[in-house]
J.: 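To start, I am sharing the structure in question, which I have written as structure tokens.
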Amino acid sequence: MRVILVDDENLALSRLNKLLVEREDCEVIGSFLKAEEAIEQIKQHLPDLVFMDIEMPGMNGIEATERIHEVSPRTEVIFTTAYNEHALTAYGLEVLDYIMKPVTRNRLDKTMKMYQRRAVPAPMDVIEDTAERGMLIRCLGMLQVQLHPNEAPKHLKFRTTKIRELFAYLLHHRNKPIKRDTLLELLWPELDERRGITNLHSGIHRLRGMLNEFMGEDRISVRYQQFGYILETGELRIDAEEWESRLNRLPSLSPSTLAEHRYVSDQYEGKYFGEGDYAWAELERQRLHALWQNHALKLAQYYIESGHPNEALMLYHQMQQFDPMMEEVSLSLMKLYDRLGNKEPVVAQYHQLAAALQQEAGVDPGPEVESWYREWKTRNI
């Protein structure tokens, strides 16, 4: 695996480099004292792993990790730091692991085993199923298109937010005619019919041009039909459809199927049309998210029972990023941190949940959380 190191201390870089060079499975392709310089190399070389210090002058490790997720989504980040208070933030950023300095050989081995479990290739039937077919439209999270299986997804460039929503709505109802009046009421309810129709015609024209230029008119088209419009997607793949199909085909959880379950869980990259937050997509957004959430909860519990608590932590924090007020997840995190003997994140989790509930709903945590936390405080503080 190809690795890049980032730390503002030469001694720390040298020590970590020495430990990694000793391993036959690692190739250190770059060491950097400044995160800004590392980002450019990460963008160019797309390494498998980046070991990142948190406290650095200029761009710190947290800011750098956010940029890495943008320029090289498949690169895993491992935080190395002497500051324990950053643990909760680290997991919230979906990094692979969090290592306290000085890094020891035994602790590094544990992290590398974790990466190897995560890096197990997807089952061959999933890979072949994806590779045999072409273009993929992504609706989970950001609206993007992936022209080829091994190519990074690209953002569709819409001239206006109205044209973006027009495309999203037609895509949501793909291969079904949508009445013109429905589109007018959705996108331009404040305009009279004549002006609304003018805007709709203009929007359809620009949408057709953009789709033809970006994807080719033989792959996707917008046609006039029955006083309305229909988006014909042909053989184009939709990530939400494929993800749900794979989820439904999963075998029972076991050591031999764990990698397949994790692969499918990781394919859920965001809520359905989450970038647009369209009201008309809310029911489907909630349905798909509930499917992922239920699967992630079962997967996290399996990780705990099979002795992989750090994997469970990452899944719980991923769920928490989507739903900060989900008490079941916060309580599971508190219990797991307690089991690991880490008191600070237990307190942080409770106060984070309490603050989120007060800010959004003006309520306190429920009786189950309050009861467990009071009992824990009695034992530990």
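Positions are given from 1 along the sequence. Keep in mind that the numbers below use all heavy atoms, side chains included, and drop hydrogens, waters and symmetry copies.
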J.: Where does the angle between the aromatic ring planes of His172 and Tyr272 fall among parallel (under 30°), tilted (30 to 60°) and perpendicular (over 60°)?
T.: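 Correct class here is tilted.
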J.: Please examine the side chains of Leu96 and Val77, heavy atoms only from C-beta on, and report whether any two atoms are closer than 4.5 Å.
T.: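 Not in contact.
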J.: Please identify each residue that fulfils side chain to side chain contact (heavy atoms under 4.5 Å, CB included) with Lys335, with sequence neighbours left out.
T.: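 Lys335 satisfies side chain to side chain contact (heavy atoms under 4.5 Å, CB included) with Leu331, Trp372 only.
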J.: Treating Ser202 as the side-chain partner and Thr198 as the backbone partner, does any N or O pair qualify as donor plus acceptor under 3.5 Å?
T.: no
J.: Checking side-chain polar atoms at under 3.5 Å, does Glu55 have a donor or acceptor matched by the opposite partner on Asn60?
T.: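 Not at all, the side chains of Glu55 and Asn60 share no donor-acceptor pair under 3.5 Å.
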J.: How many angstroms lie between CZ in Arg23 and CZ in Arg105, if you round to the nearest 0.5 Å?
T.: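 Rounded to the nearest 0.5 Å, the CZ-CZ separation comes out at 10.0 Å.
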J.: Spell out, yes or no, whether Val363 and Val329 are grouped together once hydrophobic residues are joined by side-chain heavy atoms under 4.5 Å, including indirect joins.
T.: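 Linked, Val363 and Val329 end up in one cluster.
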J.: When you check the gap from the basic side-chain N to the acidic O, do Asp181 and Lys179 get nearer than 4.0 Å?
T.: no
J.: Please report the shortest heavy-atom distance between His155 and Met142, naming the atom on each side.
T.: CE1-SD, 3.3 Å
J.: Indicate whether the side chain of Gln267 and that of Glu242 have a donor and an acceptor atom separated by less than 3.5 Å.
T.: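 Glu242 and Gln267 do not have a side-chain donor-acceptor pair below 3.5 Å.
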J.: Say you draw a straight line from CG of Leu333 to NE2 of His317; how long is it, rounded to the nearest 0.5 Å?
T.: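 Answer rounded to 0.5 Å: 4.5 Å.
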J.: Please check if the distance between the ring centroids of Tyr229 and Tyr224 is under 6.0 Å.
T.: yes
J.: When you check the side-chain N and O atoms of Glu305 and Gln301, is any donor under 3.5 Å from an acceptor?
T.: yes
J.: I want to check something: taking the side chain as every heavy atom from C-beta on, are Pro255 and Tyr302 in contact at a cut-off of under 4.5 Å?
T.: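 A side-chain contact exists here, since the closest heavy-atom pair is under 4.5 Å.
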J.: Work out which heavy atom in Ala356 is nearest to a heavy atom in Pro324; give both atom names and the distance.
T.: CB-O, 4.2 Å
J.: Let me see the working for Gln286 and Glu282 under side chain to side chain donor-acceptor pair (under 3.5 Å), right down to the final yes or no.
T.: CA-CA 6 Å; Gln286 291 182 8; Glu282 185 59 28; 2.8 Å; yes
J.: Please set out all donor-acceptor pairs under 3.5 angstrom arising from side-chain atoms of residues 373-381, sequence neighbours excluded.
T.:
| unit_1 | atom_1 | unit_2 | atom_2 | d |
| --- | --- | --- | --- | --- |
| Trp376 | NE1 | Asp338 | OD1 | 3.0 |
| Thr378 | OG1 | Arg374 | O | 3.0 |
| Asn380 | ND2 | Trp376 | O | 2.8 |

J.: Any side-chain donor-acceptor pair under 3.5 Å between Tyr350 and Glu370?
T.: yes
J.: Any side-chain to backbone donor/acceptor pair from Arg223 onto Glu232? Under 3.5 Å, distance only.
T.: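 No.
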J.: Mind checking whether His295 and Trp292 have ring centres under 6.0 Å apart?
T.: no
J.: If Ile, Leu, Val, Met, Phe, Trp and Tyr residues are connected whenever their side-chain heavy atoms lie under 4.5 Å apart, and connections chain through other members, are Leu186 and Phe227 in the same group?
T.: yes
J.: Donor-acceptor pair, Asn17 side chain versus Leu13 backbone, under 3.5 Å?
T.: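 Not a single qualifying donor-acceptor pair exists.
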J.: Looking at every non-hydrogen atom in both residues, tell me the closest pair between Leu315 and Ala296 and how far apart they are.
T.: CD1-O, 4.1 Å
J.: So which atom in Cys26 and which in Met112 form the shortest heavy-atom distance, rounded to 0.1 Å?
T.: SG-CE, 3.4 Å
J.: Answer yes when Glu63 and Arg67 have at least one side-chain N-carboxylate O distance shorter than 4.0 Å, and no when they do not.
T.: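 Between Arg67 and Glu63 there is no salt bridge, as every charged N stays at least 4.0 Å from the carboxylate O atoms.
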J.: Is the ring centre of Phe322 less than 6.0 Å from the ring centre of Tyr268?
T.: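 Close enough - the centres of the two rings lie under 6.0 Å apart.
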J.: Going by atom types only, do Thr233 and Asn175 share a side-chain donor-acceptor pair under 3.5 Å?
T.: yes
J.: Please name all residues satisfying side chain to side chain contact (heavy atoms under 4.5 Å, CB included) with Glu24, sequence neighbours left out, ordered by chain then number.
T.: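 Testing Glu24 for side chain to side chain contact (heavy atoms under 4.5 Å, CB included), a comparison that skips the adjacent residues, returns none.
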J.: Strictly below 4.0 Å, N to O, side chains only: are Glu260 and Arg249 in salt-bridge contact?
T.: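 Judged by the 4.0 Å cut-off on N to carboxylate O distance, Glu260 and Arg249 do not form a salt bridge.
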J.: For a 4.5 angstrom cut-off between non-hydrogen side-chain atoms, does Leu211 reach Leu231?
T.: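 Yes, their side chains come closer than 4.5 Å.
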J.: Could you tell me which non-hydrogen atom of Val369 sits nearest to which non-hydrogen atom of Met334, and how far apart they are?
T.: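 Of all heavy-atom pairs spanning Val369 and Met334, the closest is CG1-CE, 3.7 Å.
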J.: Ignoring hydrogens and geometry beyond distance, is a side-chain donor-acceptor pair present between Thr111 and Asp97 at under 3.5 Å?
T.: yes
J.: Are Asp7 and Lys101 close enough for a salt bridge, meaning some N to O gap below 4.0 Å?
T.: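 A salt bridge is present here (some side-chain N lies under 4.0 Å from a carboxylate O).
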J.: Looking at Glu241 and Arg174, is any side-chain nitrogen of the basic one under 4.0 Å from a carboxylate oxygen of the acidic one?
T.: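 Salt bridge between Arg174 and Glu241, a charged N being under 4.0 Å from a carboxylate O: yes.
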J.: Tell me if the centroids of the rings in Tyr169 and Tyr278 come within less than 6.0 Å of each other.
T.: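 Distance test on ring centres: not under 6.0 Å, no.
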J.: Looking at Glu269 and Leu140, would you say the former's side chain and the latter's main chain have a donor-acceptor pair under 3.5 Å?
T.: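 The answer is no, because no donor-acceptor pair under 3.5 Å joins these two groups.
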J.: Would you call Arg246-Asp239 a salt bridge at under 4.0 Å N-O?
T.: no
J.: Search all heavy atoms of Ala64 against all heavy atoms of Met59 and return the closest pair with its distance.
T.: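 Looking at all heavy atoms of both residues, the closest pair is CA-SD, 3.6 Å.
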J.: Output the distance between atom NZ (Lys271) and atom CG (Leu288), rounded to the nearest 0.5 Å.
T.: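 One finds 11.5 Å between NZ of Lys271 and CG of Leu288.
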J.: Within a strict 4.5 Å, meaning less than it, do heavy atoms of the Asp48 and Glu76 side chains meet?
T.: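 No - every pair of side-chain heavy atoms lies 4.5 Å or more apart.
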